[in-house]
Amino acid sequence: MNMPVTIPAKLSDALVSAAHLVVLTGSGISAESGIPTFREAQTGLWQRFDPLELATPTAFATNPQLVWDWYAWRRQLIADAKPNLGHQALVALQKYMPRFTLITQNVDGLHQLAGSYDVLELHGNIRRTICSVERIEVTDWPSGKDAPPRCPDCQAPLRPDVVWFGESLRPEKFKAAVEASEDCDLFLSVGTSAIVEPAASLAHIASRHGAFIVEVNTGKTPLTQFADESLIGPAGVLLPALLKILS
Ligand code: BJW
């Protein structure tokens, strides 16, 4: 897409002078790769599926096969998807910034596939499978009828390496995300409804520490009123426009 975009002067200045840019992404950045978001009317996953039946530890304990099969379906959707212009713009932005931290709530691994490195994955990665008891990654298991398959080591059911509601984020990942948010002078919230905690607090932490807050989203969110600039539109158009300021 090649639409003309006007970037406010205050944002251009903040970008050009930024010493540390933090970008927090959500499912909206992968929407243009064909991966459904969670909460959008009509297309969001939670419009069609109940998160309490699929994305909680209780759901997995109650109906492990349903949860495993649902994640297998999502894993296939993601396996077929490719990074888009939004992901690619972030790869290039990383090269221009003195310091750059990419924090994502996404489990699709598309940032890494695009070429981003040191990505802080707050909610895990659907491409990885772990033992539900030992929490260690399992890459190979005997093929058979079991869904979910069993851990070759302890026979516990395997599960996707994602963070469900009511589960804690990996402390070291969240600590790194908080530290980056406290340190940055420019914070970009991209394609997230900004309601899922504790990720949603990061923009507010950055703001309290004096960072310039920018939101990139196709609509408004609870963060919009706190943002210094809100760019309304697709990430695949707006992020390349931000990159153009630097290149
Ligand atoms: C575009 C676009 C385009 C579209 N371009 N934009 C404090 C207060 C209240 C509640 C809590 C709280 N602290 C904790 C909680 C509970 C809970 C929570 O936050 N609930 C809220 C719903 C209120 N949080 C947790 O349970 C977290 N754990 C925790 O806090 O542990 C401590 C604890 C332990 C025990 C008890 C209590 C606390 C864990 C949260 C885990 C979230 N997991 C999921 C599923 C991951 C696995 C999977 O993929 O299945 O993560 S839920 C889902 O939401 C997923 C996402 O990462 C996350 C965020 O969604 P996201 O990415 O923002 O998507 P959408 O759909 O919401 O928004 C998309 C946006 O994109 C929209 O705004 C569009 O407009 C936009 N868009 N196209 C730009 N092209």
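Note: hydrogens, waters and symmetry copies are ignored here, and every other heavy atom, side chains too, is used. Predicted model only: the values in this text are computed from it and were never measured. Read the numbers this way: they start at 1 and go in the same order the structure lists the ligands and their atoms.
Listed by chain and number, the residues in a side-chain contact (heavy atoms from CB on, under 4.5 Å) with Ile7 are Val5, Leu11, Ser12, Leu231, Ala241, Leu242, Ile245 (sequence neighbours excluded). For Pro157, the side-chain contact (heavy atoms from CB on, under 4.5 Å) partners at least two apart in sequence or on another chain are Phe60, Ser132, Pro148, Arg150. With sequence neighbours excluded, the residues satisfying side-chain contact (heavy atoms from CB on, under 4.5 Å) with Gln88 are Leu85.
For Phe226 and His204, the distance between ring centers is under 6.0 angstrom.
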Tabulation required: pairs of a nitrogen or oxygen in ligand 1 and a protein nitrogen or oxygen under 3.5 Å; columns are atom names and distance to 0.1 Å; otherwise 'none'.
{"unit_1": "ligand 1", "atom_1": "5 (N)", "unit_2": "Ala235", "atom_2": "N", "d": "3.0"}
{"unit_1": "ligand 1", "atom_1": "6 (N)", "unit_2": "Thr218", "atom_2": "N", "d": "3.4"}
{"unit_1": "ligand 1", "atom_1": "19 (O)", "unit_2": "Glu197", "atom_2": "N", "d": "2.7"}
{"unit_1": "ligand 1", "atom_1": "19 (O)", "unit_2": "Glu197", "atom_2": "O", "d": "3.4"}
{"unit_1": "ligand 1", "atom_1": "24 (N)", "unit_2": "Glu197", "atom_2": "O", "d": "3.1"}
{"unit_1": "ligand 1", "atom_1": "26 (O)", "unit_2": "Gly166", "atom_2": "N", "d": "2.7"}
{"unit_1": "ligand 1", "atom_1": "28 (N)", "unit_2": "Glu167", "atom_2": "O", "d": "2.7"}
{"unit_1": "ligand 1", "atom_1": "31 (O)", "unit_2": "Glu167", "atom_2": "O", "d": "3.0"}
{"unit_1": "ligand 1", "atom_1": "43 (N)", "unit_2": "Val163", "atom_2": "O", "d": "2.9"}
{"unit_1": "ligand 1", "atom_1": "49 (O)", "unit_2": "Arg74", "atom_2": "NH1", "d": "3.4"}
{"unit_1": "ligand 1", "atom_1": "49 (O)", "unit_2": "Arg74", "atom_2": "NH2", "d": "2.7"}
{"unit_1": "ligand 1", "atom_1": "50 (O)", "unit_2": "Tyr71", "atom_2": "OH", "d": "2.6"}
{"unit_1": "ligand 1", "atom_1": "50 (O)", "unit_2": "Arg74", "atom_2": "NH1", "d": "2.7"}
{"unit_1": "ligand 1", "atom_1": "51 (O)", "unit_2": "His123", "atom_2": "ND1", "d": "3.2"}
{"unit_1": "ligand 1", "atom_1": "54 (O)", "unit_2": "Arg39", "atom_2": "NH1", "d": "3.1"}
{"unit_1": "ligand 1", "atom_1": "54 (O)", "unit_2": "Arg39", "atom_2": "NH2", "d": "3.2"}
{"unit_1": "ligand 1", "atom_1": "57 (O)", "unit_2": "Gln105", "atom_2": "O", "d": "3.0"}
{"unit_1": "ligand 1", "atom_1": "57 (O)", "unit_2": "His123", "atom_2": "ND1", "d": "2.8"}
{"unit_1": "ligand 1", "atom_1": "60 (O)", "unit_2": "Arg39", "atom_2": "NH1", "d": "3.0"}
{"unit_1": "ligand 1", "atom_1": "62 (O)", "unit_2": "Ser27", "atom_2": "N", "d": "2.8"}
{"unit_1": "ligand 1", "atom_1": "62 (O)", "unit_2": "Ser27", "atom_2": "OG", "d": "3.3"}
{"unit_1": "ligand 1", "atom_1": "63 (O)", "unit_2": "Thr192", "atom_2": "OG1", "d": "2.7"}
{"unit_1": "ligand 1", "atom_1": "63 (O)", "unit_2": "Ser193", "atom_2": "N", "d": "3.0"}
{"unit_1": "ligand 1", "atom_1": "63 (O)", "unit_2": "Ser193", "atom_2": "OG", "d": "3.3"}
{"unit_1": "ligand 1", "atom_1": "64 (O)", "unit_2": "Ser27", "atom_2": "OG", "d": "2.7"}
{"unit_1": "ligand 1", "atom_1": "66 (O)", "unit_2": "Phe38", "atom_2": "N", "d": "2.7"}
{"unit_1": "ligand 1", "atom_1": "66 (O)", "unit_2": "Arg39", "atom_2": "N", "d": "2.7"}
{"unit_1": "ligand 1", "atom_1": "67 (O)", "unit_2": "Arg39", "atom_2": "NH1", "d": "2.7"}
{"unit_1": "ligand 1", "atom_1": "67 (O)", "unit_2": "Ser193", "atom_2": "OG", "d": "2.5"}
{"unit_1": "ligand 1", "atom_1": "68 (O)", "unit_2": "Ser193", "atom_2": "N", "d": "3.3"}
{"unit_1": "ligand 1", "atom_1": "71 (O)", "unit_2": "Gly191", "atom_2": "O", "d": "3.2"}
{"unit_1": "ligand 1", "atom_1": "73 (O)", "unit_2": "Asn217", "atom_2": "OD1", "d": "3.4"}
{"unit_1": "ligand 1", "atom_1": "73 (O)", "unit_2": "Asn217", "atom_2": "ND2", "d": "3.0"}
{"unit_1": "ligand 1", "atom_1": "75 (O)", "unit_2": "Asn217", "atom_2": "OD1", "d": "2.6"}
{"unit_1": "ligand 1", "atom_1": "75 (O)", "unit_2": "Thr218", "atom_2": "OG1", "d": "3.2"}
{"unit_1": "ligand 1", "atom_1": "77 (N)", "unit_2": "Thr218", "atom_2": "OG1", "d": "3.2"}
{"unit_1": "ligand 1", "atom_1": "80 (N)", "unit_2": "Gly28", "atom_2": "O", "d": "3.4"}
{"unit_1": "ligand 1", "atom_1": "80 (N)", "unit_2": "Glu32", "atom_2": "OE2", "d": "2.8"}

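Cation-pi geometry between Arg74 and Trp70 is met: the NZ or CZ atom falls under 6.0 Å from the ring centre, inside 45° of the normal.
Linking ILVMFWY residues whenever their side-chain heavy atoms come closer than 4.5 Å, directly or via other members, places Val178 and Val22 in the same cluster.
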